A.B. asks: 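The structure is given below, and queries will be raised subsequently.
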Amino acid sequence: MAVSGCLLHGVLQATIFEATFPSPTTIRGAFDEPIHKTISRKIRRKLSWVKQLSFCQPKIVEGIGMIGKGSGNLYATIDVDKARLGRTRVTRKETTNLWWDESFHLYCAHWTTRIIFTIKSDEPIGALLVGRAYLPAEEVVNGTQVDRWLTIYNEENNPVDGGAKIHVRLLYVAVSNDPSLNWGKGIARPDFTGIPHSFFPQRRGCKLTLYQDAHVLNSFCPKIALDGGKLYEPHRCWQDIFDAIINARQFIYIAGWSVYAEITLVRNPEKSSSKPIGDATNFTLGELLKRKAREGIRVLMLVWDDRTSVGLGPIRRDGLMATHDQDTASYFRGTGVHCILCPRNSDEGGSYFQDLEVATMFTHHQKTVIVDYYDVMPQSYSWWDIRRRRTPTRKIMSFVGGIDLCDGRYDTQDHPLFQTLNTTHYTDFHQPNFKGSSIAKGGPREPWHDIHCRLEGAAAWDVLCNFEQRWRKQGGGDQLLIPLDYNAAAIEADEEEEDKDAWNVQVFRSIDGGAVVGFPEEPKDACALGLVTGKNHVIERSIQDAYIHAIRRARNFIYIENQYFLGSSYAWKPNDGINVEDIGALHLIPRELSLKIISKIEAGERFAVYIVIPMWPEGIPESASVQAILDWQRRTMEMMYGDITKALRSKGVQANPRDYLSFFCLANREMYRSEEYKPTQKPEPDTDYNRAQQSRRFMIYVHAKMMIVDDEYIIVGSANINQRSMDGGRDSEIAMGAYQPNHLTDNWQMAKGQIHGFRMALWFEHLRKMDNVFLKPNSLECMRRVNQIADQNWELYFSPTLRNDLPAQLLSYPIRLNYDGNDIIVVPQMEFFPDTKAHVLGNKSDYLPSILTT
């Protein structure tokens with residue numbers, strides 16, 4: 001695809017002051033292209049049981065509006081290329097002038113010829129176009145501030161009668177000139193202040209523990225050298241959560257997409273520091289929480305209310321997404337545990353159909369556990385404590401990441417398919433990719449790879465603040481919340497600042513005013529915190545901002561593990577069976593990655609991006625939703641590889657784009673063992689289930705949401721790399737970004753702190769070997785070595801014969817590039833994923849709305 005215009009890659013600081021309409025002129029307008037599309041009768045019947053259904057509304061036709069008629073509630077938007085960057089609040093038109101005076105701090109990564117300002121009338125159904133104004137991009141690309149009245153044009157591109165105009169001010173700051181960024185130089189200095197314009201500031205002097213998977217066995221012990229002669233030590237997530245709950249002093253707050261009372265957290269008890277309560281392996285999560293409530297501990301839970309879990313007709317009681325929300329609420333009803341089922345309500349500024357859309361399509365996706373504890377118990381007072389007059393102080397411990405406290409999540413680095421079905425996973429068999437799967441019919445189970453973290457210090461209090469804001473919005477105000485003194489967070493930071501292994505941590509979110517209280521009401525205050533508006537809809541999308549900032553700072557390499565990878569749809573190839581403008585997957589992350597690689601190619605420097613994703617999104621692989629997501633993923637990959645190929649050609653470099661950007665997935669394949677579980681039934685013949693059981697292979701589901709940059713900065717949270725997670729007005733999310741000020745990458749050597757150890761431990765899990773070349777992941781040698789191992793593993797996984805267990809879990813994602821890198825095709829003889837009839841590249845859906853699958 002040929003590009004034209006200017007590349008705006010940086011920050012656009014924009015202000016929309018006012019608009020004036022000297023006369024009440026009649027103009028032609030049309031409602032926005034609606035997202036409530038008509039879908040098939042079959043899906044209508046299936047979803048007729050849903051409590052509220054939004055996306056089955058008939059398509060809205062065009063209308064004609066008049067200035068001064070209709071709702072009179074008007075707002076303005078800022079568009080670049082095919083992407084909407086910002087939107088004002090709604091203002092009531094009382095005179096010939098409209099006044100907003102709203103400022104925006106907008107990240108952009110777009111080729112465009114002009115910046116578009118659109119004025120619309122907010123209506124109960126859709127919005128009515130009033131007019132548009134245009135500013136050539138070439139007037140701002142050089143960094144000159146523009147402050148101007150722009151003429152407003154109607155749909156026929158004629159000036160609106162009476163000389164209507166809009167007053168705007170813009171200043172573009174390119175990435176190379178952004179003083180807050182350190183473009184391509186990493187963290188650079190220990191006093192880096194974090195991501196600007198964020199709701200939560202960066203906190204210093206914190207403690208951070210990183211977890212790979214729910215549990216780590218003693219047998220997993222890679223020797224990874226860190227600075228100071230130390231060795232990296234893995235930690236056990238669910239065992240630490242169990243210990244934290246047991247040791248909680250006054251409260252336990254849990255927020256989850258899914259929380260299942262029947263799971264057991266401790267299944268392989270090793271090195272537990274918890275209080276003795278008998279055999280920890282006999283305690284379910286529900287029993288543990290009820291026990292703590294009986295002890296007088298305040299236990300509060302916010303669990304997403306899946307609107308499909310009504311237990312009627314064809315829909316199961318645990319809902320289409322099997323979250324067990326109704327079961328969990330019933331389990332705790334009448335106990336001392338306060339469990340609130342929270343629907344994903346929209347903010348007050350949405351239209352009627354937008355409210356329904358948010359409630360039925362989107363989720364509360366945060367996964368947090370927050371407890372309080374005392375760092376010094378009275379019986380442990382020492383002479384030094386007495387001399388310092390130290391008294392026990394309340395501290396906060398918060399767990400954040402991708403692991404839900406529900407069934408199917410418990411796994412180790414071995415990720416077995418069949419070997420634990422008679423032990424650890426006999427009562428926790430999880431396989432939603434096959435119809436009719438059950439423990440009675442046997443494996444393969446779906447192995448689960450995930451990443452989580454534990455925060456202590458001031459950042460843990462920010463996670464607590466997020467819970468309290470959500471509880472006040474949907475849990476009953478201040479009732480039941482334990483009053484706390486937030487000044488204690490600053491005390492913790494002062495105590496830990498001298499620790500050479502301390503962390504600087506910043507908490508990020510994707511969330512809106514429909515889910516939390518506490519957002520500022522004044523537009524200028526909201527802008528200072530990086531909040532954006534959607535009409536009267538206040539949105540925080542600091543997770544996306546954090547990813548953008550980290551990618552722009554990167555100097556050597558980026559390593560990503562994520563459940564989804566799609567976005568930057570404004571840059572997808574047009575005329576490929578879709579109208580790109582209709583897709584709306586506008587977040588910048590994929591385009592930021594390709595622009596980073598392009599900048600390195602142009603500078604003649606090495607850079608590498610490794611991305612690990614699941615083989616396919618969880619679910620029946622042939623289903624319309626899974627195939628649609630794979631189609632969006634293919635378009636995203638194609639856009640990125642196209643960008644890289646053009647840059648290589650422009651520079652005259654002969655290289656494989658995979659030397660710069662490579663995609664991988666995880667899988668396992670096991671030999672039969674005589675002692676393994678013997679199922680009493682069999683899958684139906686000629687099914688995916690039967691074929692996978694016979695071939696003894698299956699994907700390891702990548703549910704992680706993590707990015708590592710230069711072994712010095714890490715983001716971990718609940719947010720996927722898709723529009724649902726990055727938008728802020730869709731799924732609610734939480735994440736953290738962190739680094740150790742005393743362990744940074746410089747011009748001479750890579751950082752070798754805890755983040756380096758964590759990445760190397762992940763690579764040991766996936767590759768089953770240590771190699772000195774892995775110490776320089778940006779090198780061509782490392783990228784090619786990892787690709788070589790992954791290619792070999794794919795051949796062994798795909799082979800019709802099985803002679804040994806799969807030697808490692810990292811596989812090349814089954815795509816290849818054609819001769820010019822613009823199109824992605826499957827590997828030879830690989831149209832479908834093994835054991836399925838599911839297309840590797842996916843298929844466009846003709847009836848599922850893109851807002852549901854992006």
Side-chain angles (χ1 to χ4, degrees), residues 35 37 39-40 43 46-47 55 257 308 320-322 357 360-363 365 402 432-435 446 448-449 510 560-573 576-580 582-587 589-591 611-641 663-667 688 699-705 718-727 730-731 733 813-815 824 826 831-833 836-854:
I35 50 182
K37 298 182 184 292
I39 64 175
S40 72
I43 298 300
K46 284 238 180 187
L47 293 176
F55 52 86
W257 176 83
T308 68
L320 291 174
M321 305 185 81
E357 176 183 85
T360 56
M361 288 191 181
F362 304 130
T363 77
H365 202 236
N433 302 275
F434 303 140
K435 294 179 180 178
E446 179 184 61
W448 198 270
H449 174 66
S510 293
I560 292 173
E561 293 187 3
N562 207 281
Q563 182 185 2
Y564 295 97
F565 190 82
L566 61 92
S568 303
S569 59
Y570 58 87
W572 292 354
K573 185 169 64 175
D576 188 21
I578 61 168
N579 185 356
V580 173
D582 293 341
I583 305 306
L586 300 177
H587 74 87
I589 294 170
R591 199 65 188 279
I611 300 177
V612 181
I613 53 179
M615 202 172 290
W616 66 79
E618 188 179 54
I620 307 300
E622 297 87 354
S623 67
S625 59
V626 169
Q627 287 288 294
I629 295 169
L630 289 171
D631 180 59
W632 306 138
Q633 177 179 282
R634 185 268 302 177
R635 295 173 192 271
T636 304
M637 293 176 175
E638 183 177 287
M639 175 270 294
M640 296 176 71
Y641 278 125
F663 290 88
F664 306 93
C665 55
L666 302 179
D688 293 359
M699 69 169 173
I700 298 169
Y701 195 61
V702 178
H703 193 258
K705 300 92 170 55
S718 66
N720 296 310
I721 298 180
N722 61 6
Q723 193 65 24
R724 293 180 67 104
S725 288
M726 295 296 166
D727 185 86
R730 300 187 183 185
D731 291 352
E733 310 281 5
Y813 199 81
I815 59 171
I824 293 176
V826 293
E831 182 180 0
F832 306 114
F833 289 111
T836 78
K837 297 297 182 183
H839 290 273
V840 170
L841 300 185
N843 276 308
K844 180 174 66 73
S845 174
D846 292 327
Y847 63 87
L848 288 178
S850 62
I851 195 172
L852 189 66
T853 54
T854 56

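Just so we're clear, the structure is a prediction, and the values are computed from it rather than from any experiment.
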A.B. asks: Does the side chain of Met615 come within less than 4.5 Å of Leu666's, by heavy atoms?
C.D. replies: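 A side-chain contact is absent here, since even the closest heavy-atom pair is not under 4.5 Å.
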A.B. asks: On a heavy-atom basis, which atom in Ile721 and which in Ile589 lie closest, and how many Å separate them?
C.D. replies: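 Shortest heavy-atom separation between Ile721 and Ile589 comes out as CG2-CG2, 4.1 Å.
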A.B. asks: Just wondering, do Ser569 and Thr854 contact through their side chains at under 4.5 Å, heavy atoms?
C.D. replies: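 A side-chain contact under 4.5 Å is absent here.
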A.B. asks: Using a 3.5 Å distance criterion without hydrogens, assess whether the side chain of Ser510 forms a donor-acceptor pair with backbone atoms of Asp727.
C.D. replies: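 Side chain of Ser510 to backbone of Asp727: no pair is present.
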A.B. asks: For residues Val580 and Lys573, report the shortest heavy-atom separation together with the two atoms involved.
C.D. replies: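 Scanning both residues completely, I find the closest heavy atoms to be CG2-O, 4.0 Å.
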A.B. asks: Under a plain distance cut-off of 3.5 Å, with no hydrogens placed, do Gln723 and His587 share a side-chain donor-acceptor pair?
C.D. replies: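 Gln723 and His587 do not have a side-chain donor-acceptor pair below 3.5 Å.
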A.B. asks: Please answer whether the main-chain N or O of Lys837 pairs with a side-chain N or O of Glu622 as donor and acceptor at a distance below 3.5 Å.
C.D. replies: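 Judged by distance alone, yes, a pair lies under 3.5 Å.
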A.B. asks: Are Pro617 and Gln563 side-chain neighbours, meaning at least one heavy-atom pair lies under 4.5 Å?
C.D. replies: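 In short, these two side chains do not touch, never coming nearer than 4.5 Å.
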A.B. asks: To check you understand the geometry: which heavy-atom pair defines the closest contact between Ser568 and Arg591, and what is its length?
C.D. replies: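 Closest approach of Ser568 to Arg591, heavy atoms only: OG-N, 3.1 Å.
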A.B. asks: How far apart are the closest heavy atoms of His839 and Leu630, and which atoms are they?
C.D. replies: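 Here His839 and Leu630 meet closest at O-CD1, 3.7 Å.
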A.B. asks: Please state whether the rings of Trp616 and Phe833 are parallel, tilted or perpendicular, taking 30° and 60° as the class boundaries.
C.D. replies: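 The arrangement is tilted - the two ring planes meet at 30° to 60°.
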A.B. asks: Is there a donor-acceptor pair closer than 3.5 Å between any side-chain N or O of Arg724 and the backbone N or O of Met361?
C.D. replies: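 Yes, the answer is positive, given that a donor and an acceptor are paired below the 3.5 Å cut-off.
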A.B. asks: To the nearest 0.5 Å, tell me how far Thr853 OG1 sits from Asn722 CG.
C.D. replies: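 Spacing of OG1 (Thr853) from CG (Asn722) equals 9.5 Å.
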A.B. asks: For Lys705 and Asn562, test the side chains for any donor-to-acceptor distance below 3.5 angstrom and give the result as yes or no.
C.D. replies: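 Absent: no donor and acceptor within the cut-off.
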A.B. asks: Just verifying a value: how many Å separate Phe434 CZ and Asp688 CG, rounded to the nearest 0.5 Å?
C.D. replies: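 The CZ atom of Phe434 sits 6.0 Å away from the CG atom of Asp688.
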A.B. asks: Looking only at atom types and distance, does a side-chain atom of Asp731 sit under 3.5 Å from a main-chain N or O of Thr363, one as donor and one as acceptor?
C.D. replies: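 At least one qualifying donor-acceptor pair exists.
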A.B. asks: Would you mind reporting whether Ile851 and Phe362 have side-chain heavy atoms less than 4.5 Å apart?
C.D. replies: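 A side-chain contact under 4.5 Å exists here.
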A.B. asks: Is the closest side-chain heavy-atom distance between Val840 and Glu831 below 4.5 Å?
C.D. replies: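 They are not in side-chain contact.
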A.B. asks: Could you state the interatomic distance from OG (Ser718) to NE2 (His365), rounded to the nearest 0.5 Å?
C.D. replies: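 Output value for this atom pair is 6.5 Å.
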A.B. asks: Going by side-chain contact (heavy atoms from CB on, under 4.5 Å), Phe663 matches just one of Ile560, Ile611, Val612. Which one?
C.D. replies: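 So, applying the side-chain contact (heavy atoms from CB on, under 4.5 Å) to Phe663 and each of Ile560, Ile611, Val612, only Ile611 qualifies.
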A.B. asks: I'd like to know if the side chain of Asn433 and the backbone of Gly619 have a donor-acceptor N/O pair within less than 3.5 Å.
C.D. replies: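 Confirmed, Asn433 side chain pairs with Gly619 backbone.
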A.B. asks: Just do the side chain to side chain contact (heavy atoms under 4.5 Å, CB included) check on Phe565 and Val702 with the steps written out, would you?
C.D. replies: CA-CA 11 Å; Phe565 190 82; Val702 178; over 6 Å; no
A.B. asks: As a quick check of understanding, evaluate side chain to side chain contact (heavy atoms under 4.5 Å, CB included) for Lys435 and Ile620, giving each step before the final call.
C.D. replies: CA-CA 7 Å; Lys435 294 179 180 178; Ile620 307 300; 3.8 Å; yes
A.B. asks: Hey, could you give me the CZ/CG distance between Phe832 and Leu841, rounded to the nearest 0.5 Å?
C.D. replies: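 Going from CZ on Phe832 over to CG on Leu841, the span is 11.0 Å.
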A.B. asks: Heavy atoms only: give me the nearest Glu446-Pro432 pair and the separation to one decimal.
C.D. replies: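 Scanning both residues completely, I find the closest heavy atoms to be OE1-CD, 3.7 Å.
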A.B. asks: Given 3.5 Å as the limit, does a donor-acceptor pair link the side chain of Ser845 with the main chain of Leu848, or not?
C.D. replies: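 The answer is yes, because a donor-acceptor pair under 3.5 Å joins these two groups.
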A.B. asks: Pairing donors with acceptors under 3.5 angstrom, does anything connect the side chains of Tyr813 and Gln633?
C.D. replies: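 Side chains of Tyr813 and Gln633: pair found under 3.5 Å.
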A.B. asks: Look at Asp631 together with Lys844 and state whether they make a salt bridge at an N to O cut-off of under 4.0 Å.
C.D. replies: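 Lys844 and Asp631: not salt-bridged.
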A.B. asks: Taking all non-hydrogen atoms of both residues, which atom of Pro621 and which atom of Gln627 are closest, and how far apart?
C.D. replies: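 Distance-wise, the nearest heavy atoms are O-NE2, 3.1 Å.
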A.B. asks: Has the side chain of Trp572 got a donor or acceptor atom that lies under 3.5 Å from a matching backbone atom of Gly567?
C.D. replies: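 A pair under 3.5 Å: yes.
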A.B. asks: Look at the aromatic rings of Trp448 and His703 and report parallel, tilted or perpendicular, splitting at 30° and 60°.
C.D. replies: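 Plane angle between 30° and 60°, so tilted.
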A.B. asks: Using the ring centroid of each side chain, check whether Tyr701 and His449 are separated by less than 6.0 Å.
C.D. replies: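 Here the rings of His449 and Tyr701 have centres that are no less than 6.0 Å from each other.
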A.B. asks: Do Thr636 side-chain atoms and Leu566 backbone N/O form a donor-acceptor pair below 3.5 Å?
C.D. replies: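 Answer holds: no.
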